[in-house]
Protein chains: 2
Amino acid sequence: MTQTRRRILIVGGVAGGASCAARARRLCEKCDIVIFDRGPHVSFANCGLPYFVGEVIKKEEKLLVANPALFNDRFNIEVHTETEVLSIDAEQKTILVRDLNTSQERTESYDALVLSPGARAIRPPLPGIDLPGIHVLRNIPDSHRIRAALSKAKSAVIVGGGFIGLEMAENLSRRGLQLSLIEKSPQVMPPLDSEMAVPVADRLRAEGVDLRLGIGVTAFAEADNGGVRVSLDNGDSIDTDIVILAIGVQPETRLAVSAGIELGDRAGIKVDASMRTSVAGIWAVGDAVEVNDVITGELQPIPLAGPANRQGRIAASSIIGGHQDLTFRGVQATAVCGVFGLIVASTGASEKSLKRCGQKDYEKIYLHPGSHVSYFPGATPIHLKLLFSTTDGRILGAQAIGENGIARRIDTLSMAIQMGATVYDLEESELCYAPQFGAAKDPVNFAGMIAANHLRGDLPLAHWEDVEHCEANIVDVRTAGEYAQRHLPGSVNIPLEELRERLTDISPDREVWLICEVGQRAYYATRLLMQNNYQVRVLSGGMKTWDFFSRTGGSLQ
Amino acid sequence: MTQTRRRILIVGGVAGGASCAARARRLCEKCDIVIFDRGPHVSFANCGLPYFVGEVIKKEEKLLVANPALFNDRFNIEVHTETEVLSIDAEQKTILVRDLNTSQERTESYDALVLSPGARAIRPPLPGIDLPGIHVLRNIPDSHRIRAALSKAKSAVIVGGGFIGLEMAENLSRRGLQLSLIEKSPQVMPPLDSEMAVPVADRLRAEGVDLRLGIGVTAFAEADNGGVRVSLDNGDSIDTDIVILAIGVQPETRLAVSAGIELGDRAGIKVDASMRTSVAGIWAVGDAVEVNDVITGELQPIPLAGPANRQGRIAASSIIGGHQDLTFRGVQATAVCGVFGLIVASTGASEKSLKRCGQKDYEKIYLHPGSHVSYFPGATPIHLKLLFSTTDGRILGAQAIGENGIARRIDTLSMAIQMGATVYDLEESELCYAPQFGAAKDPVNFAGMIAANHLRGDLPLAHWEDVEHCEANIVDVRTAGEYAQRHLPGSVNIPLEELRERLTDISPDREVWLICEVGQRAYYATRLLMQNNYQVRVLSGGMKTWDFFSRTGGSLQ
């Protein structure tokens with residue numbers, strides 16, 4: 001480790017920048033380390049902002065994970081807040097900064113420069129976009145503006161059904177507002193595949209949110225009551241007290257571009273695995289950089305706090321030297337979101353991202369196990385979708401929704417993906433089990449068993465999106481009572497318990513597609529029929545998955 | 001897959017046996033499959049029994065995961081309950097069975113025989129061991145006997161502080177009983193290392209359990225009040241209404257031994273990776289067999305439901321053929337237990353199991369992160385111990401205790417161990433994060449970072465058990481206020497924030513051991529001092545770990 005006195009300047013003091021500064025100090029006691037931030041705070045908890053608006057987090061101080069005094073006292077790191085970095089002279093290795101309070105400008109020199117500028121909320125160029133009732137939520141001042149507006153507001157329109165939009169829906173509902181949520185795509189929660197987003201939409205509506213999917217906003221205007229009139233592309237309009245814009249973020253790259261730093265195709269800063277930019281002496285981390293997806297290889301900016309922190313740590317190690325093994329492996333897109341008691345989490349690729357990348361040799365399964373054994377009170381379903389390679393069984397991605405045990409299963413699967421595990425490994429995983437904490441065959445084991453059964457040829461699969469055009473006999477092996485409650489039109493009911501006696505009821509001339517409630521009885525029926533020389537497939541996830549599929553707005557609608 | 005008609009007999013219809021039967025049917029529609037069980041039930045939820053006693057699970061039916069009618073109707077599997085298998089003729093491939101209701105005996109022939117006899121509660125040969133007030137809990141009739149006794153009981157003595165003993169303590173407390181728990185070893189929860197069991201003991205005592213560690217029972221006798229007098233090896237005695245014996249189980253091997261089947265050194269049935277015994281045509285699964293520990297290589301019976309289920313599935317696949325890839329990889333000893341709101345889980349090796357096996361090139365770390373970020377309400381500490389190889393960084397084992405998020409972290413670490421992950425992999429793991437669900441640096445990441453920092457030479461470690469005999473200067477870098485509350489005798493207080501200015505207070509001639517509350521500030525201090533040419537170590541886990549160590553009854557007492 002080099003101990004020459006070096007000067008490390010960091011632009012942006014949240015997540016990646018703050019991590020980088022602290023790590024740099026740990027590796028180099030003698031370096032000068034200086035953080036500049038345009039805003040009034042460094043190292044604040046931006047992920048907590050929706051909950052500060054919702055008054056779950058009561059005090060602003062709670063959001064301040066660290067402050068300039070702590071950086072100075074503990075780490076001997078200089079912090080300049082309300083100080084904007086205006087330009088970079090990469091030749092001279094200097095930056096021009098302006099104190100936003102005094103407007104004084106000065107030049108600072110560096111040996112290493114780290115850009116951690118983050119991303120800014122997208123504000124589309126719509127009529128009325130700058131009306132005072134329209135808010136974004138990216139920092140603490142934003143949250144104060146929204147909190148102030150809430151004192152008089154009775155209603156809100158949230159534009160955007162991603163993570164922030166949904167967290168804001170929960171928190172504004174908590175504050176007693178009447179809510180509309182407008183989302184241009186036909187589903188909420190874009191990282192999920194559309195069928196998996198259906199229970200989230202259900203929950204929003206059950207909680208009284210006026211959810212409008214597949215609808216775009218065309219304009220904002222002042223409403224008669226002094227609020228905002230939101231015009232929609234279907235001709236409707238909504239008068240509301242405040243608007244929350246949550247349609248995503250875009251990398252903050254002005255400074256990088258002005259310094260001649262190369263951007264990627266998706267408008268983020270291009271970096272290597274050590275977080276170096278294209279310009280010598282300059283590193284970049286966090287929401288502003290493009291990173292590779294470990295599954296699909298796609299390069300794109302992904303605004304996640306975990307990777308930003310890792311990147312900060314890696315950049316510091318690269319700058320100081322001596323830790324060559326620390327490089328950024330890419331993002332896996334692991335994420336979790338709570339919305340009205342429902343928990344939604346995912347890791348790795350979605351089916352749509354696999355399709356977008358042209359990956360064809362994958363398969364998917366759906367299952368709906370309980371969060372723990374059914375005989376212990378309080379179990380709730382886990383709706384799980386697993387994507388895996390049909391060539392070698394590698395796990396490609398997973399999505400889970402439910403009220404309990406969601407992050408646990410996605411974390412376990414995230415680790416599996418990171419380590420290159422196959423579905424055969426999931427079969428054998430040994431996971432925590434006691435009646436209140438799981439099952440002897442955990443949902444993760446079940447996912448592995450179903451997928452491995454499929455790959456071994458014991459469980460041919462069919463999917464709901466193919467039902468409409470299929471020419472198979474569709475046999476529902478649930479009880480007559482279950483069948484009477486709801487069933488796929490055109491399906492025939494032969495309860496599993498009667499199947500051995502009623503084989504002659506099923507023509508061996510056509511393929512048989514089997515349905516049950518979640519897929520387990522259909523699997524038993526599959527084994528029975530296959531050994532009687534039928535061509536069989538199981539409709540993965542059974543009627544529970546159909547409940548989702550039939551309401552995606554897709555072909556089954 | 002062979003489709004000749006074969007006759008598969010299974011002795012014991014719980015967990016492993018039931019799994020084996022159902023799987024055999026799925027693989028072979030034409031086989032005859034017959035289960036024999038000595039008891040009145042098959043496929044019952046033995047892990048739920050303590051909660052049935054505690055009336056958390058209200059109805060007996062809930063415990064019956066499957067019944068003979070379901071096995072017959074759904075799987076065409078014959079079930080004979082209250083039928084004991086008396087002997088095996090492995091030459092003739094027959095067994096002699098007795099109907100316990102009619103006492104009639106008959107011979108049944110097999111092509112494949114699967115032994116799933118389970119384990120029985122150990123009843124040590126103490127005076128009075130057969131008194132009617134002394135109970136074990138292995139099956140549903142046992143639970144009814146205890147429930148009946150509870151109608152008049154006001155107090156209970158639980159003998160044994162393992163999983164069942166602790167679960168019974170919680171459930172009997174729920175029923176309002178005054179409890180004593182007697183454990184011969186100096187700690188509860190034997191799979192944990194002793195320092196990690198301290199918070200469990202604390203919780204038991206806080207809940208009013210009269211916990212007596214390091215005390216053995218010498219005799220039982222009838223008490224004056226009609227209950228049981230429990231005599232202890234320290235001369236004390238306790239009069240109680242009922243006694244629960246929960247000192248462990250031993251493999252049920254009578255039948256196997258009579259058939260000449262080889263046992264292992266630990267008195268369990270010896271099997272290969274396909275669950276074949278030493279006698280052709282006979283397989284064995286579940287609590288009765290010896291399995292290898294995937295970390296230590298030790299062979300021993302391990303009574304866990306997850307592995308039993310996997311073994312049943314593997315034995316069936318081996319019997320039917322065609323699934324040669326399905327073999328048993330051994331056990332990882334992943335387990336979880338809830339006790340009075342505290343959750344305790346572990347996976348892989350403990351420090352004592354590593355020591356027992358003579359493994360020396362391991363290191364350990366302690367950490368105490370929150371279950372989620374501290375700025376979001378409701379976070380509770382996770383006390384985590386991680387064991388890893390010092391030669392290649394492989395994760396060897398983990399133990400975690402807390403009120404939230406415990407199974408999640410141990411499952412993630414279990415998957416990591418299964419896949420041969422190193423601490424460097426944990427540094428990079430991308431896990432679920434939103435404020436109410438974790439942290440941008442999850443406890444699993446932190447564990448990896450601390451261990452990797454150590455292996456890279458950036459964080460030399462010391463441990464509390466070595467403090468007594470160390471000759472280092474011990475410096476506590478917490479605030480003066482924290483130091484005043486409690487500190488290690490002989491330690492000097494230099495708050496982290498003053499350290500840069502007070503370096504001259506520390507002699508460079510002796511090694512410096514650093515303490516803070518959990519280890520983080522001591523790490524910062526370590527980096528600072530190392531770069532000023534001090535020899536430094538961090539006392540892993542800080543004062544929080546000392547709180548545990550100082551009360552293990554070990555040398556620090």
Side-chain angles (χ1 to χ4, degrees), chain A residues 3 15 26 29 45 47-48 51 56-57 62-63 73-74 76 305-307 309-310 323 325 329 331-332 334-338 345 373 375-377 407-408 410-412 414-416 418-419 421 424-425 428-438 440-441 456 496-497 500 524 527-528 531-532, chain B residues 3 15 26 29 45 47-48 51 56-57 62-63 73-74 76 305-307 309-310 323 325 329 331-332 334-338 345 373 375-377 407-408 410-412 414-416 418-419 421 424-425 428-438 440-441 456 496-497 500 524 527-528 531-532:
Chain A
Q3 281 296 323
R26 293 197 295 273
E29 182 61 22
C47 302
Y51 301 92
V56 176
I57 299 169
K62 283 276 183 187
L63 296 174
D73 296 347
R74 184 168 285 184
N76 189 24
N309 277 283
R310 272 194 286 145
H323 291 82
D325 65 315
R329 68 180 177 98
V331 291
Q332 214 172 292
T334 307
V336 65
C337 183
V373 289
Y375 67 79
F376 194 94
R408 173 175 162 200
I410 291 298
D411 275 359
T412 306
S414 170
M415 180 62 74
Q418 181 185 350
M419 298 306 298
Y424 308 109
D425 294 314
E428 296 185 14
S429 297
E430 199 180 304
L431 302 168
C432 288
Y433 166 53
Q436 68 275 51
F437 300 116
K441 290 174 187 159
R456 291 196 186 98
L496 174 61
E497 284 70 13
R500 284 186 181 83
Y524 301 152
R527 300 302 311 148
L528 200 173
Q531 296 182 62
N532 283 284
Chain B
Q3 281 296 323
R26 293 196 295 273
E29 182 60 21
C47 302
Y51 301 92
V56 176
I57 299 169
K62 284 276 183 188
L63 296 174
D73 296 347
R74 182 168 286 185
N76 189 26
N309 276 282
R310 274 194 284 145
H323 291 82
D325 64 316
R329 68 180 176 98
V331 291
Q332 213 172 293
T334 306
V336 65
C337 183
V373 289
Y375 68 78
F376 195 95
R408 174 175 161 199
I410 291 298
D411 275 359
T412 306
S414 170
M415 179 62 75
Q418 181 186 351
M419 297 306 298
Y424 307 110
D425 294 313
E428 296 186 13
S429 296
E430 199 180 305
L431 303 169
C432 288
Y433 166 53
Q436 67 276 51
F437 300 116
K441 290 174 188 158
R456 291 196 185 96
L496 175 60
E497 284 71 12
R500 284 186 181 83
Y524 301 153
R527 300 303 309 148
L528 201 172
Q531 296 182 62
N532 282 285

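Bear in mind that the values here come from a model prediction, so they are computed numbers and not experimental data. Here is how names work: the chains are called A, B, and so on, in the same order as the sequence lines, proteins then strands, and each is numbered from 1.
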Between A/A305, A/G338, A/S429, which residue shows the highest count of heavy-atom pairs closer than 4.5 Å to chain B?
A/S429

Select one option (side chain, backbone, both, neither) describing which atoms of B/R310 are under 4.5 Å from chain A's heavy atoms.
side chain

Partners passing salt bridge (Lys or Arg N to Asp or Glu O under 4.0 Å) against A/R456 (at least two apart in sequence or in another chain):
A/E427, B/D325

Under 4.5 Å heavy-atom distance to chain A, tell me which part of B/A416 shows up: side chain, backbone, both or neither.
both

Only pairs of heavy atoms separated by less than 4.5 Å count here; which of A/P435, A/C432, A/A15, A/G438 has the most with chain B?
A/C432

Among the listed options A/P307, A/C47, A/G306, the residue most often paired with chain B at heavy-atom distances under 4.5 Å
A/C47

Using non-hydrogen atoms only, which part of A/C337 is less than 4.5 Å away from chain B: side chain, backbone, both, or neither?
backbone

A/N532 versus chain B, the contacting section by heavy-atom distance below 4.5 Å
side chain

Structural part of B/Q418 lying under 4.5 Å from a heavy atom of chain A:
side chain

For B/V331, which atoms come within 4.5 Å of any heavy atom of chain A: side chain, backbone, both, or neither?
both

At a heavy-atom separation under 4.5 Å, does A/Y433 approach chain B through its side chain, its backbone, both, or neither?
both

Partner set under side-chain hydrogen bond (donor to acceptor under 3.5 Å, both in side chains) for A/S414, not counting sequence neighbours:
A/Q332, A/T334

Taking every heavy-atom pair that is under 4.5 Å apart, which of B/A345, B/A434, B/A407 has the most such pairs with chain A?
B/A407

Measure A/E430 against the heavy atoms of chain B and call it side chain, backbone, both or neither at under 4.5 Å.
both

Among the options A/I410, A/D425, A/L496, A/N309, pick out the one with the most heavy-atom pairs lying under 4.5 Å from chain B.
A/D425

Quick check for you: among A/I57, A/D73, A/L431, A/L63, which has the greatest number of heavy-atom pairs under 4.5 Å with chain B?
A/L431

Using non-hydrogen atoms and a 4.5 Å limit, figure out which bit of A/R500 sits close to chain B: side chain, backbone, both or neither.
side chain

